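What follows is one structure encoded as structure tokens, with my remarks underneath.
Basis for what follows: all heavy atoms, side chains included, without hydrogens, waters or symmetry-related copies. Here is the naming used below: chain letters follow the sequence lines, and residue numbers restart at 1 for every chain. This structure is a prediction, so every number in the text was calculated from the model and none was measured.
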Protein chains: 2
Amino acid sequence: MVRQEAQREQSASMEDYLEAIAMLGEGKKVVKVKQISEMLRVKMPSVTSALKKLSEQELVEHERYGHIKLTPQGDRVARDVICRHEALTRFFAQALGIDRETAEEDACKIEHVISPPSMERLVKFVEFLEACPLGGANFPSRYEYYLEHGELPQRCSKRGVGKGK
Amino acid sequence: MVRQEAQREQSASMEDYLEAIAMLGEGKKVVKVKQISEMLRVKMPSVTSALKKLSEQELVEHERYGHIKLTPQGDRVARDVICRHEALTRFFAQALGIDRETAEEDACKIEHVISPPSMERLVKFVEFLEACPLGGANFPSRYEYYLEHGELPQRCSKRGVGKGK
DNA sequence: CAAAATTGTTAGACACGTCTAACAATTATA
DNA sequence: TATAATTGTTAGACGTGTCTAACAATTTTG
């Protein structure tokens, strides 16, 4: 019995389709080609052709004029992308203070290219900022001060902590 | 006098070519097709065709079998990409603690897709971490602790700062 | 300096993902 | 329910960027 070779990675486009289908299908809602096309801002024929491709890879179930549904495999991939998307959005919006819309846009692009180790660290980093009192509470405020004035709140240092550069 | 319409953005590929040419040309060294092809891991004909395209846009000077050089415009674009690249590398390597190689790889991808506002904030963020005693010195160590134990150094609050594993 | 090795170019195929135009199925509605 | 409106599909063009194969120029070296 020959084990199936590991799925080759999906392209950014295909990941977008999977992601869109997963989001539109939340709560087992019926997913339509039109919706996908609007969400991804592509024309319907592009969706049809993507669905064909994804069906061949068994990531999506789709029959002519019929239902659209992720297979368990497809769902796994989609969840993964969504997870990266959310973590990145949190990073840009919460940690960096970027406006939500831009944060989402950047997340949409970066989610397709970031490496697993960086993604993992980024997630931990966001968790850290959220969990750490100095990180979560003081950190952002000092950061904001820095953003505004280009320097730290004076006497921020209690003595050149660590080694000066 | 009609102002030239803003240059449409370059594709990730074209940005890579400009970046490679700039790096290989540092210190006015002569740039060769072969080098570019090796640096970007593409075959030489791909380079030739990219050079043709970039020449038409006046971002590169190139004559058949001859010299390869960025125009001032091309240099501007290249510097820009390199700047993003470096900031991203610093972020991943120094702030997140990712190994240099992975950090570079991620920077290479992300530099082409990140938005200007996010880029700007990210740069400031890295500067902040480097400048702020609590950020630069203690922050990383507490972060490391968190990475290892999944929770903050107990009583991280105000006295617990500065310790470390 | 002439042959050999290397580097660079041209031509053309191909994969990918998009689009428009034309047509088909489905759904809404008068 | 017949017709109109909407949604979905097919066919095929196109742009981008890659590649291989064949050939041309340049450079090295015996």
To the nearest Å, how far apart are [X] [atom1] and [N] [atom2]?
X: B:Glu38; N: C:dG8; atom1: CD; atom2: C1'; result: 13 Å
X: A:His67; N: D:dG8; atom1: NE2; atom2: C1'; result: 15 Å
X: A:Gln10; N: C:dG17; atom1: CD; atom2: C1'; result: 14 Å
X: B:Ile36; N: D:dG17; atom1: CD1; atom2: P; result: 15 Å
X: B:Leu40; N: D:dT18; atom1: CG; atom2: P; result: 8 Å
X: B:Leu51; N: C:dT7; atom1: CG; atom2: P; result: 16 Å
X: A:Lys53; N: D:dT10; atom1: NZ; atom2: P; result: 17 Å
X: A:Lys52; N: D:dG8; atom1: NZ; atom2: C1'; result: 15 Å

Does anything in residues 11-27 of chain A reach DNA chain D, meaning a heavy atom under 4.0 Å, and if so which residues?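 Contacting residues: none.
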Among residues 106-114 of chain B, which contact DNA chain D at a heavy-atom distance under 4.0 Å?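 Heavy-atom contacts with DNA chain D come from no residue of residues 106-114 of chain B; none.
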One pair to check against side chain to side chain contact (heavy atoms under 4.5 Å, CB included): A:Met119 and A:Leu88. What are the steps and the verdict? CA-CA 8 Å; A:Met119 192 66 248; A:Leu88 286 162; 4.0 Å; yes
Is it the case that more than 12 heavy atoms not belonging to A:Glu101 sit under 6.0 Å from its CD atom?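 No - once you tally the heavy atoms of other residues, nucleotides and ligands closer than 6.0 Å, there are 12 at most.
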So, does B:His62 get its side chain near the phosphate of C:dT9, meaning an N or O under 4.0 Å from OP1 or OP2?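 Yes, such a contact exists.
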Can you find a pair of side-chain heavy atoms, one from A:His112 and one from A:Asp16, that are under 4.5 Å apart?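 The answer is yes; the side chains approach within 4.5 Å.
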Hey, does B:Glu120 have a side-chain heavy atom less than 4.5 Å from the side chain of B:Lys124?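 Yes, close enough: below the 4.5 Å cut-off.
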Charged N to carboxylate O under 4.0 angstrom, A:Lys109 versus A:Glu105?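 No, A:Lys109 and A:Glu105 are not salt-bridged.
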Is it true that A:Arg84 and A:Asp80 make a salt bridge, defined as a side-chain N closer than 4.0 Å to a carboxylate O?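 The answer is yes: the pair qualifies as a salt bridge.
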Checking side chain to side chain contact (heavy atoms under 4.5 Å, CB included) for the pair A:Phe92/A:Thr102: CA distance, chi angles, key distance, verdict? CA-CA 8 Å; A:Phe92 284 113; A:Thr102 304; over 6 Å; no
Angle between ring planes, A:Phe91 versus B:Phe91, binned at 30° and 60°: parallel, tilted or perpendicular?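 Ring orientation, 0 to 90° scale: tilted.
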A:Ser115: which residues meet the side chain to side chain donor-acceptor pair (under 3.5 Å) condition with it, sequence neighbours left out?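 Partners of A:Ser115 under the side chain to side chain donor-acceptor pair (under 3.5 Å) test: A:Ser118, B:Asp106.
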So if I take every side-chain heavy atom of A:Lys34 and compare against D:dT7, D:dT9, C:dT9, which nucleotide ends up nearest?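 Selected nucleotide: D:dT7.
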With a 3.5 Å cut-off and sequence neighbours excluded, list the donor-acceptor pairs that the side chains of residues 18-32 of chain A form with protein atoms.
from, atom 1, to, atom 2, distance (Å)
A:Glu19, OE2, A:His85, ND1, 3.4
A:Glu26, OE2, A:Arg79, NH1, 3.2
A:Lys29, NZ, A:Glu26, O, 3.2

Anything under 3.5 Å between a donor and an acceptor, one on a side chain of residues 40-55 of chain B, the other on a protein residue two or more places apart or in another chain? List them.
from, atom 1, to, atom 2, distance (Å)
B:Thr48, OG1, B:Met44, O, 3.4
B:Ser55, OG, B:Leu51, O, 2.8

Reading nucleotides 19-27 of chain C from the 5' end, what letters show protein touch, with B for base, S for backbone sugar-phosphate only, - for no heavy atom under 4.0 Å? BBB--BSS-
